[in-house]
Amino acid sequence: GAEAGAGSVEPAPQEPAKGKKRKGSTPAPPLVTLEELLADSAFPDEMLNESNQYHCPKCDKKVDARKSLRLAKAPPYLHIVVQRYHYDLQKFERRKLNNPVSFPRVLQLREALAPEEKDGASYECIGFLEHVSDSAHSGHYTATLWQDEDAAQAALTLPTPEVATAPLTAIAGQEEPEAAPRAA
């Protein structure tokens, strides 16, 4: 017989009992992109129609309309939080969504900006925080930060600051106490 080793072959799995799924046979959840998430959740257009029509002040009647939300100006920094949970109304519990999320190192933000901001905005991803667990109720977080080699080396070789020496009381705005007279 063959000995088990690093390249060993495992026996073929048995057919699952009728009505039961074989462990590991569930297909992987589909990949979701950050751009799709932003389009679907952060800045979606909403149709106002049927019983939810918009009241037009010009014609003074209800009309079908599209409502959209856009940023007037791109913020200098962008912090994105992706809530990867949903509430299961059948089981009355919060469940974690396990879809992998892909995100670019540089995010081009155009659709979320007002038309006046024609050039859009670019945001470099410097890191992400990830919840590690299959449960929505427990687990731990890991942080990943990206930094290029030159910036990392510069951070390790910070210049030595010049230190000025002064009495602490002078720094705090108080005068130095006079020396006590010596006993003869």
Side-chain angles (χ1 to χ4, degrees), residues 13 15-152 155:
E15 284 296 338
K18 195 165 190 130
K20 291 186 179 180
K21 287 187 176 181
R22 183 182 324 152
K23 187 174 184 177
S25 66
T26 306
L31 178 75
V32 178
T33 67
L34 181 60
E35 295 89 341
E36 290 171 331
L37 288 173
L38 289 173
D40 292 346
S41 61
F43 301 100
D45 286 350
E46 178 184 355
M47 290 305 299
L48 303 175
N49 54 17
E50 297 174 7
S51 64
N52 189 27
Q53 286 185 310
Y54 171 72
H55 183 268
C56 175
K58 288 183 182 176
C59 46
D60 195 31
K61 65 179 186 176
K62 295 210 175 216
V63 296
D64 288 349
R66 184 179 69 208
K67 177 179 157 183
S68 60
L69 173 68
R70 301 292 179 258
L71 298 173
K73 185 175 179 185
Y77 300 98
L78 188 64
H79 178 124
I80 299 173
V81 177
V82 179
Q83 297 292 331
R84 299 185 57 194
Y85 306 97
H86 74 96
Y87 190 75
D88 187 334
L89 291 172
Q90 316 234 306
K91 295 182 179 180
F92 299 109
E93 65 183 10
R94 191 168 73 154
R95 312 237 348 148
K96 182 174 180 185
L97 301 173
N98 289 313
N99 299 62
V101 177
S102 83
F103 50 92
R105 283 295 300 265
V106 177
L107 175 67
Q108 300 294 329
L109 195 61
R110 287 190 179 88
E111 289 77 26
L113 297 174
E116 300 82 49
E117 293 279 314
K118 295 176 189 141
D119 297 333
S122 294
Y123 295 95
E124 180 182 0
C125 179
I126 60 169
F128 60 93
L129 186 66
E130 182 178 19
H131 179 250
V132 181
S133 177
D134 287 332
S135 169
H137 304 287
S138 64
H140 65 276
Y141 289 88
T142 60
T144 301
L145 299 176
W146 285 306
Q147 191 171 29
D148 65 23
E149 294 270 336
D150 294 336

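Sequential numbering from 1 along the given sequence is applied to the chain's residues. What you see is a predicted model, and the numbers here were worked out from it, not measured in a lab.
Taking OG1 of T33 as the reference point, atom CG of L38 lies at 8.5 Å (rounded to 0.5 Å). For the atom pair CG of N52 and CG of D64, the computed distance is 10.0 Å after rounding to the nearest 0.5 Å. The CD atom of E35 lies 11.5 Å from the CG atom of D40; values are rounded to the nearest 0.5 Å. With values rounded to the nearest 0.5 angstrom, Y87 atom OH is found 8.0 Å from E93 atom CD.
What you find for P44 and A42 is that their closest heavy atoms are CD-C, 3.3 Å. Between P75 and L71, the shortest heavy-atom distance links the atoms CD-CD1, 4.1 Å. When all heavy atoms are compared, the tightest approach of V63 to Q53 is O-CB, 3.4 Å. Minimum interatomic distance between L34 and V101 (heavy atoms only, all atoms of both residues): N-CG1, 4.3 Å. Residues N99 and P30 approach most closely at ND2-O, 3.0 Å, considering heavy atoms. Across all their heavy atoms, F103 and C125 have their closest contact at CE1-SG, 3.8 Å.
Within the 4.5 Å cutoff, side-chain heavy atoms of H140 are placed close to those of T142. With a 4.5 Å cut-off on side-chain heavy atoms, L107 and I80 count as touching. Counting only heavy atoms from C-beta outward, the side chains of H55 and D60 approach each other to under 4.5 Å. Side-chain contact check for L97 versus H86: some heavy-atom pair is nearer than 4.5 Å. Taking the side chain as every heavy atom from C-beta outward, R94 and D88 never approach each other to under 4.5 Å. At a threshold of 4.5 Å between non-hydrogen side-chain atoms, the residues R70 and D45 count as touching.
In terms of modelled atom types and a separation under 3.5 Å, the side chain of Y141 and the main chain of V132 share no donor-acceptor contact. Judged purely by atom type and a 3.5 angstrom limit, K96 uses its side chain to pair as donor or acceptor with the backbone of S133.
The number of heavy atoms from other shown groups lying within 6.0 Å of CZ (R105) is above 12. Applying the 6.0 Å contact sphere to OH of Y77 captures no more than 12 heavy atoms from other residues, nucleotides or ligands. Heavy-atom contacts from other residues, nucleotides or ligands closer than 6.0 Å to CD of E50 number 12 or fewer.
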